[in-house]
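Some notes on the structure that comes next.
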Amino acid sequence: MTTDAIAPTPAATSAADEACTSRFLASDNTSGICPEAMAYMMQANRDDDLAYGNDRWTQQVTDSFRQLFETECEVFFVFNGTAANSLSLAHLCQSYHSVICHELAHIETDECGGPEFFSNGSKLLNAPGPDGKLTPEGIEQLVTKRSDIHYPRPRVISLTQCTEVGTVYSLEELQAIREVADRHDLQIHMDGARFANACAALNVSPAELTWKAGVDVLCFSGTKNGLAMGEAVIFFDRKLARDFDYRCKQAGQLASKMRFIAAPWMGLLENDVWLNNARHANGMAQYLAERLEALEGIELLFPSEANSVFASFPEHVLAALRERGWTFYTFIGAGGARFVCSWNTTTELLDALLKDIRDVL
Ligand SMILES: Cc1ncc(COP(=O)(O)O)c(C=O)c1O
Ligand SMILES: C[C@H](O)[C@H](N)C(=O)O
């Protein structure tokens with residue numbers, strides 16, 4: 001059998017070359033692995049270790065999470081955010097319960113029915129709200145509109161922090177929602193796909209933005225913060241976490257080589273890399289938002305409070321940007337184009353985007 005390395009065929013190299021010309025701002029899911037996480041991945045690869053979370057890295061990083069959140073929380077790892085949201089909601093609800101979420105919530109719009117499927121039917125009840133955020137009044141209305149046996153009993157409020165349109169809930173807003181939850185014996189789930197960005201934007205601690213504000217379970221995304229994959233599901237009430245490991249296993253979310261999810265998380269948690277990555281991404285989004293706002297014919301659709309920028313563009317501009325290799329989504333939120341900045345976004349990339357926009361406006 002030949003051992004010669006097979007040179008990539010011209011098609012392969014041109015595809016690789018092509019990828020390099022595409023400029024990725026559609027999502028923080030398109031960023032690479034940050035160097036600190038990669039270094040820990042390599043460390044974890046030096047030696048064999050036990051499987052299914054019994055390795056030393058998983059123990060080490062779950063202890064680090066308890067230090068970071070300043071409480072004895074239970075921490076589990078799943079591969080992606082849809083699994084994190086779906087399984088945590090399924091764990092909080094019986095099938096006859098309902099989950100209250102915003103009409104733009106990811107669990108409603110972008111998880112292909114995962115939460116309903118994994119909970120065996122818990123219904124998502126949607127409420128509108130300004131800037132992608134639930135309001136106490138909107139929650140109260142959904143909870144109290146009916147009390148008859150035919151209505152799926154509300155059990156959980158699901159908040160996305162940051163929201164799907166790049167805004168953040170303030171501590172005061174979270175407190176007001178907790179008061180509604182307490183009045184109606186509801187639990188609070190937080191979709192923290194961009195939790196790090198919210199902490200950075202508000203300059204508050206993870207504890208202040210979760211259990212101290214009455215959050216019961218947090219899905220903390222590592223993927224969007226510089227990992228290859230790996231979301232932490234964090235239960236602040238350990239009783240609620242009972243048997244969640246079995247739920248993960250049954251759903252195909254128990255990684256056999258969990259150390260390769262856990263160890264890179266050490267790269268994020270050590271020296272506050274997670275926070276610095278988020279601060280950088282947020283700063284890049286502010287850089288872009290300020291410059292877009294100054295351009296005639298472009299309107300910001302939501303306050304850019306974290307690492308996303310939503311704006312309306314003339315259609316011919318979007319078409320020209322696509323032709324020039326720019327990637328962005330137009331199906332999220334309430335229309336317009338979304339640009340998301342990551343840990344590795346640079347002003348050079350954003351200046352190139354802004355130049356192309358000015359060229360075609
Ligand atoms: C708000 C939000 N929640 C959850 C997720 C998780 O989705 P995925 O299953 O693609 O990791 C995403 C996107 O990735 C998201 O934007
Ligand atoms: C497309 C999808 O919504 C994904 N969560 C993202 O934000 O890119």
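Just so it is clear, the values below take in all heavy atoms, side chains as well, and ignore hydrogens, waters and symmetry mates. All of these numbers come straight from a predicted model, not from anything done at the bench. Just follow the structure's listing: the first ligand is 1, and inside any ligand the first atom is 1.
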- prompt: For ligand 2, which atoms sit closer than 4.0 Å to a heavy atom of F331?
  reply: 1 (C)
message: Out of all atoms in ligand 2, which are within 4.0 Å of some heavy atom of I332? Include the element for each.
response: 1 (C), 3 (O)
message: Could you check whether R259 makes a cation-pi contact with W57, meaning its NZ or CZ is under 6.0 Å from the centre of the six-membered ring and within 45° of the ring axis?
response: no
message: Against the six-membered ring of Y287, is R291 placed for a cation-pi contact (under 6.0 Å from the centre, within 45° of the normal)?
response: yes
- prompt: Linking I/L/V/M/F/W/Y whenever their side-chain heavy atoms sit closer than 4.5 Å, directly or via other members, would V340 and L288 fall into one cluster?
  reply: no
message: So for ligand 1, is E231 a polar contact partner (N or O within less than 3.5 Å, distance only)?
response: no
message: Once you measure the plane-to-plane angle for F65 and F220, does it fall in the parallel (<30°), tilted (30-60°) or perpendicular (>60°) bin?
response: perpendicular
Minimum-distance protein heavy atom relative to [atom]:
atom: atom 5 (N) of ligand 2; value: H106 NE2, 2.9 Å
atom: atom 6 (C) of ligand 2; value: R338 NH2, 3.3 Å
atom: atom 3 (O) of ligand 2; value: D110 OD2, 2.9 Å
atom: atom 4 (C) of ligand 2; value: N29 ND2, 3.7 Å
atom: atom 11 (O) of ligand 1; value: G81 N, 3.0 Å

query: For ligand 2, does E164 get within less than 4.0 Å through its side chain, its backbone, both, or neither, judged by non-hydrogen atoms?
result: neither
field: Close approach of N29 to ligand 1, heavy atoms, under 4.0 angstrom
entry: yes
